[in-house]
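Notes to accompany the following structure.
What you see is a predicted model; the values in this text were computed from it and never measured. Start at 1 and go down the list; that is how both ligands and their atoms are numbered.
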Amino acid sequence: MQLRSIAILALLALVQAQAYRLTEDRSLIAEIGNATNQHITAKPCSSNATEFKSCYLTSTNAKDYPWGSPEITYSAAGDPWGVHLTGPYPDGRTYLVSWFTGGPTIKRNPTQPNTSALVTYASVQAIPSAAVPSGENLTFTGKIITYLRLYSDTALLNYSYLSPFIHHVVLANLTPSTTYKYQVSARNGNLAGNYSFTTLPLPADGAPSPYPLRIGIMGDVGQTRNSSVTRDHMLSNNPQVVIHVGDNSYADNYHASNPDLYKSGGTNQQRWDSFSVLWEPLFSKAPVLNIPGNHEVESVGIKSSISLTTTSWSFPTNFPFQSYAARFPVPGSTAATFGNITANMYHSTVLGGVATLISFNNYIAFHPGSPQYKWAIQEFQKVDRTKTPWLFVQYHTSSYHTYTNHYKSMECFMSIWEDIFYRYGVDLVFNGHVHAYERTHPVYKYRQDNCAPIYVTVGDGGNIEGLYRNFVDDISSTTKATYCEGFTASGQSPATLYYTNPGGWSSAGPRPANCSTVSFQPASGVAGGAPVMCLNNTNPLLGFCQSSQPNWSALRDPSFGHAILDLLSNTTARFRWFKNLVGTKVAVDDVVLERQASCQNRRHRSRHLSSSS
Ligand SMILES: *[C@@H]1O[C@H](CO)[C@@H](O)[C@H](O)[C@H]1NC(C)=O
Ligand SMILES: *[C@@H]1O[C@H](CO)[C@@H](O)[C@H](O)[C@H]1NC(C)=O
Ligand SMILES: *[C@@H]1O[C@H](CO)[C@@H](O)[C@H](O)[C@H]1NC(C)=O
Ligand SMILES: *[C@@H]1O[C@H](CO)[C@@H](O)[C@H](O)[C@H]1NC(C)=O
Ligand SMILES: *[C@@H]1O[C@H](CO)[C@@H](O)[C@H](O)[C@H]1NC(C)=O
Ligand SMILES: *[C@@H]1O[C@H](CO)[C@@H](O)[C@H](O)[C@H]1NC(C)=O
Ligand SMILES: *[C@@H]1O[C@H](CO)[C@@H](O)[C@H](O)[C@H]1NC(C)=O
Ligand SMILES: *[C@@H]1O[C@H](CO)[C@@H](O)[C@H](O)[C@H]1NC(C)=O
Ligand SMILES: *[C@@H]1O[C@H](CO)[C@@H](O)[C@H](O)[C@H]1NC(C)=O
Ligand SMILES: *[C@@H]1O[C@H](CO)[C@@H](O)[C@H](O)[C@H]1NC(C)=O
Ligand SMILES: *[C@@H]1O[C@H](CO)[C@@H](O)[C@H](O)[C@H]1NC(C)=O
Ligand SMILES: *[C@@H]1O[C@H](CO)[C@@H](O)[C@H](O)[C@H]1NC(C)=O
Ligand SMILES: [Fe+2]
């Protein structure tokens with residue numbers, strides 16, 4: 001065991017020495033080597049292409065598995081299905097295992113069963129190792145919940161979906177860095193299944209280094225054949241934990257009456273069930289840190305409403321986020337909070353004892369004064385960078401990307417949060433929503449800044465809505481101008497929206513508060529090409545568009561894939577993006593990152609912000 005620690009230390013020293021050598025002549029960088037100046041846009045593939053590393057397909061065939069396909073089918077007889085892990089909890093030792101038994105009931109006025117007296121079990125057995133020589137064998141009990149959603153569609157008047165039994169069992173205080181076999185209870189109470197997962201490390205005096213620590217990142221995954229390629233590629237990269245930046249099942253694209261009828265007016269809950277079947281191979285093997293996206297809101301076709309300015313909620317049955325909250329409790333959940341929507345909207349936890357992840361829901365209020373704002377400020381203040389050197393943030397909607405769809409829809413959010421991310425020295429921000437891949441250089445207010453976060457958009461998990469192909473700076477064949485210049489939201493140009501609604505720009509995303517800006521983008525432009533002004537040309541105080549890929553954009557490729565982040569030490573990481581068309585042998589984006597002590601905001605415990613809550 002001692003030899004092993006020495007070997008790990010030697011390896012670590014090597015990695016650090018190498019990183020040091022590469023950077024010795026630089027004072028302040030976050031990317032090492034050639035990646036610092038990377039500025040890449042994938043090209044459309046030719047029809048006879050055989051090599052896909054730097055090109056993207058111009059047409060795609062992202063179709064959900066048809067209802068009844070074996071990949072998404074479960075037995076309603078009582079065996080567990082859709083097993084998924086959530087975690088780690090903030091203590092670094094606790095995980096949640098969730099699963100389903102039985103099937104849903106869809107009829108008029110179904111009676112929600114009283115499950116409060118029912119107990120469910122999970123048993124875990126440690127594979128004996130250095131950490132647990134005796135192989136601990138533990139049984140945990142938990143809770144069963146169901147939820148009921150009343151459909152509002154006229155064809156289904158008074159029909160409801162009553163969920164299968166949803167089982168949640170907290171696996172408390174497991175041993176770090178230990179592989180556990182586990183079983184979960186069937187409807188009849190017997191333990192069933194043959195699952196296993198490995199707990200993340202948790203450094204303590206004498207414990208081996210938590211590095212390297214492998215984190216998978218993906219978003220907008222859905223349930224198509226492309227989704228299962230993403231799933232299998234992620235599995236073969238063997239992440240210790242997976243960050244999912246939201247938009248899970250896309251159930252809300254299905255009509256309530258038919259899980260194969262792809263049209264609005266529904267939010268067909270059965271597609272949540274099939275989603276869990278498709279993703280079980282990954283979700284039962286690696287704990288997942290999920291966050292709600294717009295497809296988790298589900299306020300169409302059911303009796304519900306949501307106001308983004310609401311700051312105190314009471315969520316009755318049929319409130320938004322109900323399905324998501326019932327199925328994916330946040331890390332930290334207890335039996336008291338399973339199924340409570342308010343308690344499962346955002347979360348914070350620590351990965352491997354060294355990386356804090358703060359996860360926002362950008363579809364509920366986030367402005368000063370809101371519960372989420374107060375909570376997040378406290379989470380940032382709690383971070384001690386001398387103990388947990390890495391700091392990551394995730395939320396669904398992408399802040400920095402150059403695709404036409406959802407362009408600049410987070411300017412309001414950023415008018416509140418970008419300065420806070422900067423001052424607390426966030427290393428990486430993970431987003432989805434944009435169905436494509438893009439990584440930025442460290443960027444602050446549209447300027448490259450080596451003390452700012454790198455933003456990663458990975459909404460490319462494979463969902464049925466397909467990929468977004470147009471860059472804002474591409475010339476549209478119909479208008480002969482950039483897509484950005486023709487940009488409208490709800491039929492209005494950014495300029496019109498700005499002057500009619502000075503409270504702030506929002507192309508589609510939430511704008512729960514008056515925002516201080518339309519865009520932080522400087523009027524002088526941020527790329528080599530000439531800036532293109534969408535806003536008021538007589539008084540162009542702000543930039544909005546540019547005629548080429550801006551220089552803060554490092555690599556963009558509208559293809560399906562997933563990302564892997566390897567934390568190698570307290571200061572060094574390797575980030576890679578794997579494209580489904582290419583496979584897992586070669587990463588299409590591959591960059592080494594180094595946190596520099598010369599960035600004040602990344603050095604020590606962050607100074608407290610002057611409280612504006
Ligand atoms: C960096 O770029 C140079 C010039 O394009 C190339 O010769 C070299 O191989 C690259 N180095 C790495 C590590 O990719
Ligand atoms: C593909 O077709 C183009 C012209 O259609 C040709 O120039 C090119 O060489 C072909 N590439 C391959 C790999 O066959
Ligand atoms: C559900 O069952 C529990 C335990 O049997 C009981 O205490 C409770 O009153 C029941 N709730 C309802 C709503 O019937
Ligand atoms: C562990 O617990 C399970 C379930 O109670 C039991 O079947 C198994 O035999 C136990 N294994 C050991 C090694 O004690
Ligand atoms: C639907 O439910 C409402 C409220 O319970 C009731 O008034 C109405 O008659 C029902 N309609 C049908 C068609 O069942
Ligand atoms: C359980 O899974 C492991 C690994 O996949 C396999 O080796 C083993 O045979 C399985 N055991 C049973 C009882 O199915
Ligand atoms: C999506 O999957 C389909 C079916 O396997 C495949 O033909 C298509 O090329 C994939 N699309 C992309 C963009 O990878
Ligand atoms: C649900 O959670 C919220 C937030 O934690 C809490 O204020 C509320 O009392 C909980 N509701 C119930 C019914 O437990
Ligand atoms: C990383 O930081 C932790 C906490 O400060 C410290 O105990 C550990 O020695 C550091 N590791 C390295 C390789 O610097
Ligand atoms: C936004 O500003 C307008 C005009 O000052 C004010 O009427 C409105 O209440 C504000 N809205 C919010 C959410 O603060
Ligand atoms: C990026 O472009 C802007 C505007 O052209 C320029 O001022 C800035 O120096 C560029 N940054 C880098 C790192 O090249
Ligand atoms: C441009 O901005 C000026 C001052 O901000 C304003 O007076 C003028 O009406 C605006 N023009 C248009 C076309 O919006
Ligand atoms: Fe989305």
Side-chain angles (χ1 to χ4, degrees), residues 42 44-45 47 49-53 55-66 69 71 111-119 143-146 148 218-233 244-253 267 278 290-300 317 320-321 324 335 339 360-363 394-399 401 403 405-407 409-410 413 430-437 457-469 507-510 557-562 577-584 588:
C45 297
S47 56
T50 53
E51 205 276 317
F52 300 98
K53 190 161 185 256
C55 75
Y56 61 87
L57 299 183
T58 52
S59 70
T60 177
N61 186 23
K63 290 217 175 76
D64 277 354
Y65 282 100
S69 307
E71 292 83 354
T111 309
Q112 204 167 358
N114 183 351
T115 54
S116 67
L118 301 179
V119 177
K143 193 172 164 184
I144 295 170
I145 62 170
T146 62
L148 193 62
M218 60 184 195
D220 304 70
V221 294
Q223 44 189 307
T224 71
R225 294 182 186 281
N226 306 85
S227 313
S228 50
V229 175
T230 305
R231 177 198 68 191
D232 294 344
H233 287 186
H244 181 243
V245 297
D247 277 3
N248 287 260
S249 73
Y250 291 74
D252 58 349
N253 281 335
T267 192
L278 188 71
N290 212 326
I291 193 74
N294 52 306
H295 288 278
E296 277 66 64
V297 179
E298 294 191 298
S299 59
V300 176
T317 293
F321 301 107
Y324 174 81
F360 286 83
N361 178 349
N362 68 273
Y363 292 92
Q394 70 158 330
Y395 46 88
H396 181 63
T397 311
S398 173
S399 295
H401 72 91
Y403 292 90
N405 284 15
H406 313 309
Y407 184 57
S409 63
M410 288 292 271
F413 181 93
F430 304 118
N431 299 135
H433 196 52
V434 170
H435 300 168
Y437 175 72
T457 299
V458 276
D460 55 355
N463 74 71
I464 187 169
E465 294 177 354
L467 288 154
Y468 297 167
R469 290 283 164 49
S507 67
D557 184 334
S559 299
F560 293 133
H562 77 279
W577 177 66
F578 293 91
K579 184 161 154 176
N580 287 2
L581 288 166
V582 173
T584 53
V588 170

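Atom 5 (O) of ligand 7 has as its closest protein heavy atom Arg225 CB, 4.3 Å. Looking at atom 11 (N) of ligand 3, its nearest protein heavy atom turns out to be Asn114 ND2, 2.8 Å. Residue, atom and distance of the protein heavy atom nearest to atom 2 (O) of ligand 7 are Asn226 ND2, 2.4 Å.
Counting heavy atoms under 4.0 Å from ligand 7, residue Leu467 touches it through the side chain alone.
Expressed to the nearest 0.5 Å, how far OG of Ser116 lies from CD1 of Ile144 amounts to 10.5 Å. Interatomic distance, Phe560 CZ to His233 NE2, rounded to the nearest 0.5 Å: 13.0 Å. In this structure, NE2 on His396 lies 6.5 Å from NE2 on His295, to the nearest 0.5 angstrom. In this structure, CG in Asn361 is found 10.5 Å from CD in Gln394, a value given to the nearest 0.5 Å.
Taking every non-hydrogen atom of Phe560 and a distance limit under 4.0 Å, the qualifying atoms of ligand 7 come out as 12 (C), 13 (C), 14 (O). Within the listing of ligand 7, atoms 9 (O) sit less than 4.0 angstrom from a heavy atom of Leu57.
Of all heavy-atom pairs between Ser559 and Tyr56, the closest is OG-CB, 3.4 Å. Taking every heavy atom of both residues into account, Ile291 and Glu296 meet most closely at O-OE1, 4.2 Å.
In terms of polar-atom proximity, Asn580 is not counted as a contact of ligand 7, lacking any N or O under 3.5 Å from an N or O of the ligand.
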Using the rule given for side-chain contact (heavy atoms from CB on, under 4.5 Å), can you reason through Gln223 versus Glu71, listing the C-alpha separation, both sets of side-chain angles and the distance that settles it, and then say yes or no? CA-CA 9 Å; Gln223 44 189 307; Glu71 292 83 354; over 6 Å; no
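Selection from Ser116, Ala117, Pro113 by nearest heavy atom to atom 3 (C) of ligand 3 gives Ser116.
Taking distances strictly below 2.8 Å, the protein N/O/S atoms close to the Fe ion (ligand 13) are Asp247 OD2, Asn294 OD1, His396 NE2, His433 ND1.
Between Phe413 and Tyr395, the gap from one ring centroid to the other is short of 6.0 Å.
Relative ring orientation between Tyr437 and Trp577 is described as parallel, the plane-to-plane angle staying below 30° on a 0-90° scale split at 30° and 60°.
No side-chain donor-acceptor contact under 3.5 Å links His435 to the backbone of Asp460.
Closer than 4.0 Å to atom 7 (O) of ligand 3 lies none of the heavy atoms of the protein.
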